[in-house]
*Asks:* 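Quick one: the structure is below, questions incoming.
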Amino acid sequence: MTVGMVCTGVRAEEKMLTAAFSGRGIELHVVDDRTIHGDLGSWPETLPRVDAVLLRSKSHWRNVVMAHWLESLGGRTINESRVIEKCGDKVLTTLALLKEGVPTLSASVAFASQGGEMAAEALGYPLVVKPVIGSWGRLIGKVNDRDALDLALDHKEALGGAPHSVTYLQRFVETGGRDVRSFVVGGRCIAAIARTSEGWKTNTALGAEATGLELDSELIGVSEAAAQAVGGGMVAVDLFETDDGYLVNEVNATMEFRNSVDRTGVDIPGFIADYVLGRAEAAASERPVA
Amino acid sequence: MSVALATDCPVCAGAVDTPDDAMLGELLDCDECGSELEVTQITPGIELKEAPMCAEDWGE
């Protein structure tokens, strides 16, 4: 059985995954996405023809392209293109959650400043403006009133380009600087952390503290339903605790877990490796005998 | 992770501890200036360069 991993440099997560595969007697073929090139009708030149490919580029678009490229040639990707696309685009995430009845935050889109103003009035202040594609809390703004909205919309117009041609507005939920992140691998919620921050953003990339969280049946149910809604695979689900239960905020297809293994005591890279190997084994068994 | 040696940071020239199991492409932080660095060579000796800046579509 052979497995590849495409990534942008080797972060703590990729190193932990390499060790997890090594511990299972599997050599992981690690390929930097900056070396990837080739004819779209052929397998990428720098990537060995492996049974399954774990896609962990930092770039959303590179993951999307790689997944579609490999899948078009019969390759097995983790995650699949449909999962990466839904998770990487906040509009598509919200639509997928709504379609499957997964509890999530009210959100709106607008295509121009005038529409943004009307959408904000309908949602009510405070609200949060987010880039449709983006992560780690970057360019996310809490908008408390109409004046702040004008500034946010002006900035999007000035930044320009395709990513800012659609404005995504989301209801703000007061959480006291705390949210929950759960990890779902192969349909099963395996671990969760609570993230706390002095500010309203709870990204660990911005310095939020992570603590292990005991799983309860509601958290498991909502997390697994969110993962199912975006197409399965393995994802990290960000949730808010509210008086009405958990609300899903975002779903992440290229999960980071460096701070979560020690805090939860759960071998997250081990679960990922086992899931990927299961997918690789299925791919190998489906391959025609030469 | 055991530390094998210190390599000069290409940004501030400070000492960067590098693991003895360093991988090509591994990302490290310089404790002195905070720069994110990338391992670009393992043998005959470890070489580091400044890691690429974060792009708009990077993330989880």
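In the text below, chain A, chain B and the rest are named by the order of the sequence lines, each starting its count at 1.
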*Asks:* Tabulate, in ascending numerical order, the residues of residues 33-50 of chain B having at least one heavy atom closer than 4.5 Å to a heavy atom of chain A, or enter 'none'.
*Replies:*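 Contacts with chain A: Glu36(B), Glu38(B).
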*Asks:* Under 4.5 Å, counting heavy-atom pairs only, tell me which of Thr18(A), Val30(A), Thr254(A) racks up the most with chain B.
*Replies:* Thr254(A)
*Asks:* Would you mind telling me which of Glu14(A), Arg138(A), Met255(A) has the largest number of heavy-atom pairs within less than 4.5 Å of chain B?
*Replies:*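 Winner by heavy-atom pair count: Arg138(A).
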*Asks:* Is chain B contacted by the side chain of Thr8(A), its backbone, both, or neither, given a heavy-atom distance below 4.5 Å?
*Replies:*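 Both backbone and side chain.
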*Asks:* Given a strict heavy-atom distance threshold of 4.5 Å, which part of Trp61(A) is in contact with chain B: side chain, backbone, both, or neither?
*Replies:*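 It is both, since atoms from each part get that close.
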*Asks:* Do the charged groups of Lys58(A) and Asp33(A) touch, with an N to O distance under 4.0 Å?
*Replies:* no
*Asks:* Looking at OG of Ser135(A) and NZ of Lys90(A), how far apart are the two atoms once the value is rounded to the nearest 0.5 Å?
*Replies:* 6.5 Å
*Asks:* Would you compute the distance between atom CG of Leu153(A) and atom NE2 of His164(A) and round it to the nearest 0.5 angstrom?
*Replies:* 12.5 Å
*Asks:* In terms of heavy-atom contacts, does CG of Asp8(B) have more than 12 from other residues, nucleotides or ligands at under 6.0 Å?
*Replies:* yes
*Asks:* Measuring heavy-atom distances to chain B, does Val235(A) have an atom under 4.5 Å in its side chain, in its backbone, in both, or in neither?
*Replies:* neither
*Asks:* So do Pro48(A) and Val31(A) actually touch side chain to side chain, heavy atoms under 4.5 Å?
*Replies:*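 Side-chain contact under 4.5 Å: yes.
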*Asks:* Can you tell me which portion of Leu28(B) sits under 4.5 Å from chain A's heavy atoms? Options are side chain, backbone, both or neither.
*Replies:*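 Neither part; nothing is under 4.5 Å.
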*Asks:* Mind checking whether Asp89(A) and Tyr168(A) have side chains closer than 4.5 Å, heavy atoms only?
*Replies:*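 Contact flag for Asp89(A)/Tyr168(A) side chains = no.
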*Asks:* Do the side chain of Arg195(A) and the main chain of Ala208(A) share a donor and acceptor less than 3.5 angstrom apart?
*Replies:*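 Checked: no pair found.
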*Asks:* Do the non-hydrogen side-chain atoms of Leu17(A) and Pro269(A) ever get within less than 4.5 Å of each other?
*Replies:* yes
*Asks:* How far does CD1 of Ile193(A) sit from CG of Asp238(A), to the nearest 0.5 angstrom?
*Replies:*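 Ile193(A) CD1 to Asp238(A) CG: 8.5 Å, rounded to 0.5 Å.
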*Asks:* Relative to chain B, which segment of Arg56(A) carries a heavy atom at a distance below 4.5 Å: side chain, backbone, both, or neither?
*Replies:* neither
